Amino acid sequence: MGFLDILLGRTKAVAPDLDQLFGLPSAALTLQAAAGFTPTGTGAVCFASVEGGAFAQAHQEVQELLDADAERTGPPVEVNRDEYGYSWLVSRREPDDLPALVSDLHAVNSALEGSGFGPQLLCSVAGFQDTGQRRLGLVYLYKRGTFYPFAPLAGEAQRRDNALELQVKAALADDLRIEQDLSRWFPIWGAPGL
């Protein structure tokens, strides 16, 4: 970054570091000890769909790759589209098999990135819940290379548990690269598994 960039307030984009996803299993242990949340076994990758054969082929290959996993015991990988037009590739594993879920999320991100569709990747999320059925997602922002907690409140209204999100931020500061800019903690209403 040059002097002119500093004067004009431009910042250098952070390169995605997909290996950060592999920090989720150890963060899950911290999260369980600090706040009583355990993995639900559901995770998803959100991306903006693109029209065209190349994207459709890359998308199909990713889905086939994950569905071919002989150790997968749950339902096959599914694709959902949310009310905002974004696609979610959803993987379900046993709740105690978070490393396999993380590998699925990493594989989806890597395959789409390797096929030239990195700009379409938005985020990945792993779901958690506590004994009181409160829900929490640990969201990885692809373009920022950081995580943030998203805690939707139960009910019809789109409201968040901001106190819980800040508690989780503090608890996981040593485990994950947490997004410090709270304005980037986007709500992911309707995300699969939350």
Side-chain angles (χ1 to χ4, degrees), residues 16-47 66 69 71-75 77-80 82 86-109 121-142 144-182 184-194:
D17 180 6
L18 293 175
D19 289 344
Q20 292 292 316
L21 289 169
F22 292 116
L24 280 172
S26 66
L29 296 174
T30 302
L31 188 58
Q32 184 173 5
F37 281 84
T38 58
T40 62
T42 301
V45 176
C46 181
F47 54 92
L66 296 181
D69 183 356
E71 304 213 0
R72 181 178 296 280
T73 57
V77 174
E78 60 189 65
V79 178
N80 295 332
D82 66 19
Y86 294 106
S87 295
W88 293 85
L89 197 139
V90 184
S91 178
R92 287 177 171 58
R93 296 287 187 153
E94 291 298 320
D96 61 348
D97 199 3
L98 186 58
L101 180 66
V102 168
S103 292
D104 289 350
L105 300 177
H106 189 275
V108 171
N109 281 286
L121 290 167
L122 301 174
C123 68
S124 297
V125 62
F128 294 82
Q129 69 181 13
D130 68 1
T131 56
Q133 300 303 308
R134 289 187 302 171
R135 297 171 297 148
L136 174 73
L138 290 181
V139 182
Y140 175 74
L141 289 171
Y142 176 79
R144 302 278 295 174
T146 56
F147 289 87
Y148 69 90
F150 174 65
L153 288 169
E156 294 296 314
Q158 292 184 339
R159 295 184 30 218
R160 302 165 75 161
D161 187 341
N162 298 111
L164 175 59
E165 291 176 354
L166 293 173
Q167 176 189 358
V168 170
K169 173 189 182 234
L172 298 180
D174 293 335
D175 292 291
L176 299 173
R177 186 184 301 159
I178 300 292
E179 176 60 50
Q180 296 302 312
D181 183 355
L182 300 184
R184 301 244 185 217
W185 290 22
F186 304 110
I188 51 174
W189 306 118
L194 293 182

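Starting from 1, each residue takes its place in the sequence as its number. These numbers were taken from a predicted model, which means no experiment stands behind them.
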With a 4.5 Å heavy-atom cut-off, do [X] and [Y] have their side chains touching?
X: Val139; Y: Pro149; result: no
X: Pro25; Y: Val102; result: yes
X: Pro187; Y: Arg160; result: yes
X: Thr40; Y: Arg92; result: no
X: Phe147; Y: Leu24; result: yes
X: Phe128; Y: Val168; result: no
X: Leu182; Y: Leu166; result: yes
X: Thr30; Y: Asp174; result: no

Does [Y] offer a backbone N or O that forms a donor-acceptor pair with the side chain of [X] under 3.5 Å?
X: Trp185; Y: Glu179; result: yes
X: Glu165; Y: Ala151; result: yes
X: Tyr148; Y: Phe186; result: yes

Check against side chain to side chain contact (heavy atoms under 4.5 Å, CB included), Leu29 and Asp175: CA-CA 10 Å; Leu29 296 174; Asp175 292 291; over 6 Å; no
Worked check of side chain to side chain contact (heavy atoms under 4.5 Å, CB included) between Leu164 and Phe37: CA-CA 11 Å; Leu164 175 59; Phe37 281 84; 3.6 Å; yes
To the nearest 0.5 angstrom, please state how far the [atom1] atom of [X] sits from the [atom2] atom of [Y].
X: Leu21; Y: Ser124; atom1: CG; atom2: OG; answer: 5.5 Å
X: Leu98; Y: Arg93; atom1: CG; atom2: CZ; answer: 11.0 Å
X: Lys169; Y: Gln180; atom1: NZ; atom2: CD; answer: 4.5 Å
X: Asn80; Y: Cys46; atom1: CG; atom2: SG; answer: 11.0 Å
X: Asn162; Y: Leu153; atom1: CG; atom2: CG; answer: 8.0 Å

If you take all heavy atoms of [X] and [Y], which pair is closest and at what distance?
X: Arg184; Y: Leu141; value: O-CD1, 3.7 Å
X: Asp104; Y: Ser91; value: OD2-OG, 2.5 Å
X: Leu172; Y: Ile178; value: O-CG1, 4.1 Å
X: Leu105; Y: Gly43; value: CD2-C, 3.8 Å
X: Gln20; Y: Leu176; value: O-CD2, 4.4 Å

Side chain to side chain donor-acceptor pair (under 3.5 Å) partners of Ser103, counting only residues at least two apart: none
Trp189 and Phe150 aromatic ring geometry - parallel, tilted or perpendicular at 30°/60° bounds: perpendicular
Criterion side chain to side chain contact (heavy atoms under 4.5 Å, CB included) on Tyr140 and Leu18, from CA distance to verdict: CA-CA 9 Å; Tyr140 175 74; Leu18 293 175; 4.1 Å; yes
